[in-house]
Amino acid sequence: MTTRVRFAPSPTGYLHIGSARSALFNYLYARQVGGKFLLRIEDTDLARSTEESTRSILDGLAWLELKHDEEIVFQSDNAGKHRAAAQKLLAEGKAYRDFTPKAEPTDQNVKEGIAERARAAQGEKSMRDNIYRELYSEESDRKAEAGEPFAIRLKVPLDGKTAFEDRVYGLQEREYVDTEDLVLLRSDGHPLYNLAVVCDDIEMGITHVIRGQDHLTNTHKQVLIYEALGVTPPTFAHLPLIMAPGKGKLSKRKHGEIVSLTTYRDAGFVPAAFRNFLALLGWSAGEEKEIYTLDELVEKFSFDGIHRSNAIFNFKENDPRHWTDDKALWMNAEYIRTMPLAELLPLVKAELKAAKLWREEYDQESIALTADIPSTADLGADGRPETVAFETREVGSHAWYVYTVDLIRTRFFTLRDFSSQGRAYFSEDFDFDPAAVAKNLTKFPELRDWMPELADRFETVFTERGALFNEASIETVVKGFTEEKNTKLGVIMNGSRTLLTGVAVGPSMLSVFEVIGLERTLMRLRSQVGWNMVE
RNA sequence: GUCCGGUUCGUCUAGGGGUUAGGACACCGCCCUUUCACGGCGGCAACACGGGUUCAAAUCCCGUACCGGAUACCA
């Protein structure tokens, strides 16, 4: 029998990172054993389900590159079958009609209400003392025919226990007395969650149910339904939950966007990096390794490697540097600086396009063959792609673009940084960081005269005399200039850096000059914009 | 309340009778350096508590504490 797993989210909001991880684990297992990864949208709560939400879930899965097999199943399409199953159990005497009027919802918090009711019921009421449980079927039929509303409840046996072997948590047992006669069908005929899930899982031929640990008690109820239906239950594997710092629940209400997968996409995460991070939250291959390709995850995945304790998703609100889990941020940076350049380029392109900084000339299609794109494997000792000669790196060309991305990527954390921190490489319209201006410009007032002078020097050497504007010659000129002014190289270099890029950080300044190009270098060294912004 | 889980550095985790309790992130220091990163080297830092079993317990057993989940005519 081929393995069939499913990811079954309810479309009542964005895709939560915990759900995304469930989807990932289902996917990894399915791929590992050559099974099918199915998708089912549990949209039976009509009041809360929305189409945007379904859209967002699909977008999220696509972003993580978790492709599902077969058609998407919408649970609401199967309500008829769910009802038929309940009727079957009723006819077989495994379920009964409960004519008790539906309890009015309390005005307090739903969760609290439930807990309070449960506490109050403790001791005085058994799970089985419903007067309709043993009603003669003729009497039950009569009331039903008379039009009295009723819910259909499962008749949980008096003695015994449900048991299943969880692939993560081991043998799980629960006495029947601890499980109520759960409602299968509401009095308005609406099938309830546990019945719907079991029916659909049977219908879809699900062999392994991999889901959050919060479903552990539901599983006992579902096992009861499987037994009543005469079907062997699938294998279950429950995943530990992802908690907020302080071990509280990670919720949108309390934590906002941080729990939504789309936040990471929009913040400039590399899909493979976030996927990698998610996989390591609550799972380990048991080796000292952090970076895994999708293929490696598929190969190494095992239920034994899944932790039984919940994991904390660590982040600090109001701290821009640690706005989300540090390890996720680090992993993203790690991917950005080490992934094959050919894979990074399209991501950077999308980012620059979104920031309106993209120019068609950058695209390899119009200039060079894809095969010519240097990858990290082609990098020389100085960290630059060896295959691209300076002469071919005209500012704005494809070769220039590739070289520039590769040059600046080593200190970026997100794809967003290419259009923010790295904006000056792609646009004339960039901001000056006040701290950088203070540290590298205002502190040395003489630079206000020197910088335009340096520009003049560059013009003489590179424009009038026609020397090649490359690192070696730039270094000669800048060093000569520094000695002439009897100052330190750092003063000139850092002043130039801030004037040329608006910031105090970046690659080797010689590379920066070269990549910014002679024309823009002259313009920016002479510009007063950086100076003016502090006055 | 009851049922079910869980507890190794701040966080993610390895280890499941004998380990200097390992790695990663974060943080700190040093080196590299025109800056900031990267990189390299180093540092700080953990077996919840109490009993047992054993020559030996982070590891096995029992209890306690704490945390989490569930307890709906929600999903």
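Note on naming: letters A, B, ... go to the chains in the order of the sequence lines (proteins, then strands), and numbering restarts at 1 for each one. Computed from a predicted model, the values in this text were never measured in an experiment.
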Peer 1: Looking for any heavy atom pair under 4.0 Å, which part of the strands does A:Lys439 touch: base, sugar-phosphate only, or nothing?
Peer 2: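 The residue A:Lys439 makes sugar-phosphate contact but no base contact.
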Peer 1: Who are the salt bridge (charged side-chain N to carboxylate O under 4.0 Å, His left out) partners of A:Arg21, not counting sequence neighbours?
Peer 2: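 Partners of A:Arg21 by the salt bridge (charged side-chain N to carboxylate O under 4.0 Å, His left out) criterion come out as none, since no residue qualifies.
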Peer 1: Scan residues 150-159 of chain A against RNA chain B and write down, sorted by residue number, each residue with any heavy atom closer than 4.0 Å; if none is found, say none.
Peer 2: A:Ala151, A:Arg153
Peer 1: Using a cut-off of strictly less than 4.0 Å, decide whether A:Arg186 has a side-chain nitrogen or oxygen near OP1 or OP2 of B:C74.
Peer 2: yes
Peer 1: From CG of A:Asp214 over to P of B:G68, roughly how many Å is that when rounded to an integer?
Peer 2: 14 Å
Peer 1: Both A:Pro507 and A:Leu171 contact RNA chain B. Which one's nearest nucleotide lies toward the 5' end?
Peer 2: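 Result of the comparison: A:Leu171.
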Peer 1: For a quick test of reading the model: is some side-chain N or O of A:His307 closer than 4.0 Å to OP1 or OP2 of B:A14?
Peer 2: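 For A:His307, the contact criterion (side-chain N or O under 4.0 Å from OP1 or OP2 of B:A14) is met.
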Peer 1: Under 4.0 Å, counting only non-hydrogen atoms across every strand here, what does A:Pro9 touch: a base, just sugar-phosphate, or nothing?
Peer 2: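 No contact.
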Peer 1: With under 30° as parallel and over 60° as perpendicular, where do the rings of A:Phe303 and A:Phe301 fit, or are they tilted in between?
Peer 2: perpendicular
Peer 1: Which base, if any, makes a Watson-Crick or G-U wobble pair with B:U34, both distances under 3.5 Å?
Peer 2: none
Peer 1: Grab the N/O contacts between the protein and nucleotides 61-65 of chain B below 3.5 Å, and write none if there aren't any.
Peer 2:
none

Peer 1: Distance check, C1' atoms only: B:A24 and B:A14, in whole angstrom units.
Peer 2: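 Each nucleotide's C1' atom is 11 Å from the other's.
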Peer 1: State the pairing partner of B:A21; accept Watson-Crick or G-U wobble contacts with both distances under 3.5 Å, and report none otherwise.
Peer 2: none
Peer 1: Listed by chain and number, what are the salt bridge (charged side-chain N to carboxylate O under 4.0 Å, His left out) partners of A:Lys443, not counting sequence neighbours?
Peer 2: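 With sequence neighbours excluded, A:Lys443 shows a salt bridge (charged side-chain N to carboxylate O under 4.0 Å, His left out) to no residue whatsoever.
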Peer 1: Between B:C61 and B:G5, how far apart are the P atoms? Round to whole Å, please.
Peer 2: 13 Å
Peer 1: Which one, B:U13, B:A75, B:A72, comes nearest to the side chain of A:Ser284?
Peer 2: B:U13
Peer 1: Can you measure A:Glu287 atom CD to B:U13 atom P for me and round it to whole angstrom units?
Peer 2: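 Roughly 15 Å, once rounded to whole Å.
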Peer 1: Look at the side chain of A:Arg411 and the base of B:C36, then say whether one donor and one acceptor between them are separated by less than 3.5 Å.
Peer 2: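 For A:Arg411, whose side chain was compared with the base of B:C36, there is a donor-acceptor pair (under 3.5 Å).
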Peer 1: Any idea how A:Phe432 and A:Phe430 line up, ring-wise: parallel (<30°), tilted (30 to 60°), or perpendicular (>60°)?
Peer 2: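 Tilted, since the angle between the ring planes falls between 30° and 60°.
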Peer 1: Considering Watson-Crick and G-U wobble pairs with both distances under 3.5 Å, what does B:C49 pair with?
Peer 2: B:G63
Peer 1: Nearest to the side chain of A:Lys102 - B:U71, B:C3, B:C73?
Peer 2: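 Given the options B:U71, B:C3, B:C73, the side chain of A:Lys102 is closest to B:C73.
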Peer 1: Please determine whether any donor N or O and acceptor N or O are separated by less than 3.5 Å between the side chain of A:Asn218 and the base of B:A75.
Peer 2: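 For A:Asn218, whose side chain was compared with the base of B:A75, there is a donor-acceptor pair (under 3.5 Å).
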Peer 1: So what does A:Thr100 touch, heavy atoms closer than 4.0 Å: a base, only the sugar-phosphate, or nothing?
Peer 2: base
Peer 1: How about A:Tyr96 and A:Tyr132: are their ring centres within less than 6.0 Å of each other?
Peer 2: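 No.
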Peer 1: For A:Asp178, check side-chain contact (heavy atoms from CB on, under 4.5 Å) against everything at least two apart and list the hits.
Peer 2: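 Residues passing side-chain contact (heavy atoms from CB on, under 4.5 Å) with A:Asp178: A:Arg174, A:Glu175.
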Peer 1: To the nearest Å, give me how far apart OH (A:Tyr96) and C1' (B:C73) are.
Peer 2: 12 Å
Peer 1: Using the salt bridge (charged side-chain N to carboxylate O under 4.0 Å, His left out) rule, collect all pairs that involve residues 312-325 of chain A, keeping only residues at least two apart or in two chains.
Peer 2: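 Residue pairs passing salt bridge (charged side-chain N to carboxylate O under 4.0 Å, His left out), neighbours aside: none found.
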Peer 1: A:His190: which residues meet the ring-ring contact (aromatic ring centres under 6.0 Å, His included) condition with it, sequence neighbours left out?
Peer 2: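 If we apply the ring-ring contact (aromatic ring centres under 6.0 Å, His included) test to A:His190, skipping adjacent residues, there are no hits.
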Peer 1: Quantified in whole Å, what is the P atom distance between nucleotide B:G51 and nucleotide B:A56?
Peer 2: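 Here B:G51 and B:A56 have their P atoms 15 Å from each other.
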Peer 1: Would A:Tyr264 and A:Trp323 count as a close aromatic pair, with their ring centres under 6.0 Å?
Peer 2: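 Under 6.0 Å, so yes.
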Peer 1: Starting from C1' on B:U13, measure out to OH on A:Tyr292 and report it in whole angstrom.
Peer 2: 11 Å
Peer 1: Going by salt bridge (charged side-chain N to carboxylate O under 4.0 Å, His left out), name the pairs with one or both residues in residues 179-190 of chain A, residues two or more places apart or in two chains.
Peer 2: A:Arg128-A:Asp181, A:Arg133-A:Asp181, A:Glu180-A:Lys221, A:Arg186-A:Asp188
Peer 1: Does the structure show a Watson-Crick or G-U wobble partner for B:C3, both distances under 3.5 Å? Name it, or say none.
Peer 2: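 Result: B:G69.
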Peer 1: Can you tell me how far P in B:A21 sits from the matching atom in B:U59, rounded to whole Å?
Peer 2: 15 Å
Peer 1: Go ahead and name the base partner of B:C9; Watson-Crick or wobble counts if both distances stay under 3.5 Å, otherwise write none.
Peer 2: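 Pairing partner: none.
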Peer 1: Within 45 degrees of the ring normal and closer than 6.0 Å to the centroid, is that where the cationic atom of A:Arg97 sits relative to A:Phe150?
Peer 2: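 Yes, cation above the ring, under 6.0 Å and within 45°.
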Peer 1: Taking the same atom, C1', in B:G15 and in B:G23, what whole-Å distance lies between them?
Peer 2: 11 Å
Peer 1: Could you tell me the separation between the OH atom of A:Tyr226 and the SG atom of A:Cys199, rounded to the nearest 0.5 Å?
Peer 2: 9.0 Å
Peer 1: Whole Å only: how far is the CG atom of A:Leu241 from the C1' atom of B:C12?
Peer 2: 16 Å
Peer 1: Please name all residues satisfying ring-ring contact (aromatic ring centres under 6.0 Å, His included) with A:Tyr193, sequence neighbours left out, ordered by chain then number.
Peer 2: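 With neighbours one apart ignored, the set is A:His215.
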Peer 1: Nearest-nucleotide wise, let me know which of A:Gly506 and A:Tyr193 is further upstream toward the 5' end of RNA chain B.
Peer 2: A:Gly506
Peer 1: Across all strands, who's sitting opposite B:C27 as a Watson-Crick or G-U wobble pair, both distances under 3.5 Å?
Peer 2: B:G43
Peer 1: Checking all strands, does A:Ser187 fall into the base, sugar-phosphate, or nothing category for heavy-atom contacts under 4.0 angstrom?
Peer 2: base
Peer 1: Find the distance A:Asn194:CG to B:C73:C1' and express it as a whole number of Å.
Peer 2: 13 Å
Peer 1: I'd like to check the side-chain contact (heavy atoms from CB on, under 4.5 Å) partners of A:Glu296; sequence neighbours left out, ordered by chain and number.
Peer 2: A:Lys289, A:Tyr292, A:Thr293
Peer 1: NA contact type, A:Gly212, heavy-atom cut-off 4.0 Å: base, sugar-phosphate, or nothing?
Peer 2: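 Nothing, no heavy atom under 4.0 Å.
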Peer 1: For each nucleotide in nucleotides 22-27 of chain B, reading 5' to 3', give B when a protein heavy atom comes within less than 4.0 Å of its base, S when such contact involves only the sugar-phosphate, and - otherwise.
Peer 2: BBBSSS
Peer 1: What integer number of Å spans the C1' atoms of B:A75 and B:C36?
Peer 2: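 After rounding to an integer number of Å, I get 49 Å for this pair.
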Peer 1: Between B:C32 and B:A57, how far is it from one P atom to the other, in whole Å?
Peer 2: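 These two P atoms come out 48 Å apart once rounded.
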Peer 1: May I ask you to evaluate whether A:His190 reaches the phosphate of B:A75, defined as a side-chain N or O under 4.0 Å from OP1 or OP2?
Peer 2: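 So the side-chain polar atoms of A:His190 do come within 4.0 Å of the phosphate oxygens OP1 or OP2 of B:A75, strictly under.
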Peer 1: Could you check whether the side chain of A:Ser508 and the base of B:U35 have a donor-acceptor pair of N or O atoms closer than 3.5 Å, going by distance alone?
Peer 2: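 A donor-acceptor contact between them is absent.
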Peer 1: Applying side-chain hydrogen bond (donor to acceptor under 3.5 Å, both in side chains), which residue pairs with at least one partner in residues 486-509 of chain A are found, sequence neighbours left out?
Peer 2: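 Qualifying pairs, neighbours excluded: A:Asn440-A:Thr498.
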Peer 1: So, under a plain 3.5 Å distance rule, would you say the side chain of A:Thr217 forms a donor-acceptor pair with the base of B:C4?
Peer 2: no
Peer 1: Rounding to an integer number of Å, can you tell me how far A:Asp98 CG sits from B:A72 C1'?
Peer 2: 13 Å
Peer 1: Report the nucleotide, chosen from B:C74, B:U71, B:G6, that has the shortest atom-to-atom distance to any side-chain atom of A:Lys221.
Peer 2: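 From the listed options, B:U71 comes nearest.
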Peer 1: Taking the P atom in each of B:G16 and B:G10, what is the distance between them to the nearest angstrom?
Peer 2: 23 Å
Peer 1: Nearest-Å distance, CG (A:Leu489) to P (B:U35)?
Peer 2: 9 Å
